[in-house]
Amino acid sequence: MRERAGRELAGDLRLPRDVILGDALISFVGRNGVTVENYRGILLYERDLVKLSARNCRILIRGKNLRIDYYTNEQMHISGQIGCMEFEG
């Protein structure tokens, strides 16, 4: 119910969903990099898997030789050979 009201408000005010609902923003740079914004925390960090918590789900980034190049409270960049990304829960 609350999320529906947020979506309607975002539409009425013409604001991006990430601003109102706190949705994660994920941007890929080819197969070699991904930037994640609005994440909440790092759950798992391994060479072949990075698992992040977001507001409404978990984000899994799978690949080879993955490394977190930088992270702040709001944004992180992961590089390596990105294989796939999944949402969990």
Side-chain angles (χ1 to χ4, degrees):
M1 179 79 140
R2 186 175 181 180
E3 187 174 327
R4 181 178 172 195
R7 280 193 302 254
E8 289 176 5
L9 180 63
D12 292 345
L13 296 177
R14 298 177 195 262
L15 293 172
R17 284 179 46 103
D18 63 297
V19 172
I20 298 293
L21 301 175
D23 285 348
L25 295 173
I26 302 166
S27 304
F28 286 87
V29 180
R31 290 191 64 186
N32 299 315
V34 61
T35 300
V36 182
E37 298 178 60
N38 295 338
Y39 73 97
R40 291 207 167 168
I42 301 168
L43 300 173
L44 182 67
Y45 177 32
E46 297 178 345
R47 289 177 55 104
D48 61 347
L49 173 66
V50 177
K51 189 174 189 178
L52 308 172
S53 64
R55 184 167 184 226
N56 299 321
C57 64
R58 292 187 177 106
I59 301 166
L60 286 71
I61 299 169
R62 299 180 189 275
K64 295 180 183 176
N65 300 316
L66 299 178
R67 68 180 176 275
I68 297 175
D69 294 324
Y70 68 85
Y71 66 96
T72 66
N73 290 337
E74 299 170 359
Q75 181 181 58
M76 85 165 36
H77 187 265
I78 300 165
S79 62
Q81 186 178 358
I82 310 296
C84 67
M85 191 219 47
E86 304 170 39
F87 292 102
E88 197 176 67

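For the single chain, residues carry numbers from 1 onward in sequence order.
Clustering ILVMFWY residues whenever any of their side-chain heavy atoms sit less than 4.5 angstrom apart, transitively, puts V36 in the very cluster that holds Y45. One hydrophobic cluster, built from ILVMFWY side chains closer than 4.5 Å, cannot hold both I68 and V29; they sit in different ones. M76 is connected to L66 through a chain of hydrophobic side-chain contacts under 4.5 Å among Ile, Leu, Val, Met, Phe, Trp and Tyr, so both are in one cluster. Both I78 and I42 are part of a single hydrophobic cluster, where members link through side-chain heavy atoms under 4.5 Å apart.
For the atom pair CG (L44) and OG (S53), the distance works out to 12.0 Å, reported to the nearest 0.5 Å. To the nearest 0.5 angstrom, C84 atom SG is 10.0 Å from R31 atom CZ. Residue L60 holds its CG atom at 5.5 Å from NZ of K51, rounded to the nearest 0.5 Å. Annotation: the span from N56 atom CG to R40 atom CZ amounts to 8.0 Å, rounded to 0.5 Å. Taken to the nearest 0.5 Å, the CZ atom of R55 stands 8.0 Å off from the CG atom of D23. Interatomic distance, Y71 OH to H77 NE2, rounded to the nearest 0.5 Å: 16.0 Å.
Judged by distance alone, the side chain of N38 and the main-chain N or O of L25 form no donor-acceptor pair under 3.5 Å. The main-chain N or O of I59 is never found under 3.5 Å from a side-chain atom of Y39 such that the two would form a donor-acceptor pair.
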Just do the side chain to side chain contact (heavy atoms under 4.5 Å, CB included) check on L43 and R58 with the steps written out, would you?
CA-CA 9 Å; L43 300 173; R58 292 187 177 106; 3.4 Å; yes
Assess whether side chain to side chain contact (heavy atoms under 4.5 Å, CB included) is satisfied between R47 and N65, documenting all intermediate values.
CA-CA 5 Å; R47 289 177 55 104; N65 300 316; 2.2 Å; yes
Would you please test I26 and I61 for side chain to side chain contact (heavy atoms under 4.5 Å, CB included) and show each step?
CA-CA 11 Å; I26 302 166; I61 299 169; 5.8 Å; no
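Of the candidates E88, E86, E46, E86 is the only one forming a salt bridge (Lys or Arg N to Asp or Glu O under 4.0 Å) with R62.
In E74, the CD atom is not crowded: 12 or fewer heavy atoms of neighbouring residues, nucleotides or ligands sit closer than 6.0 Å.
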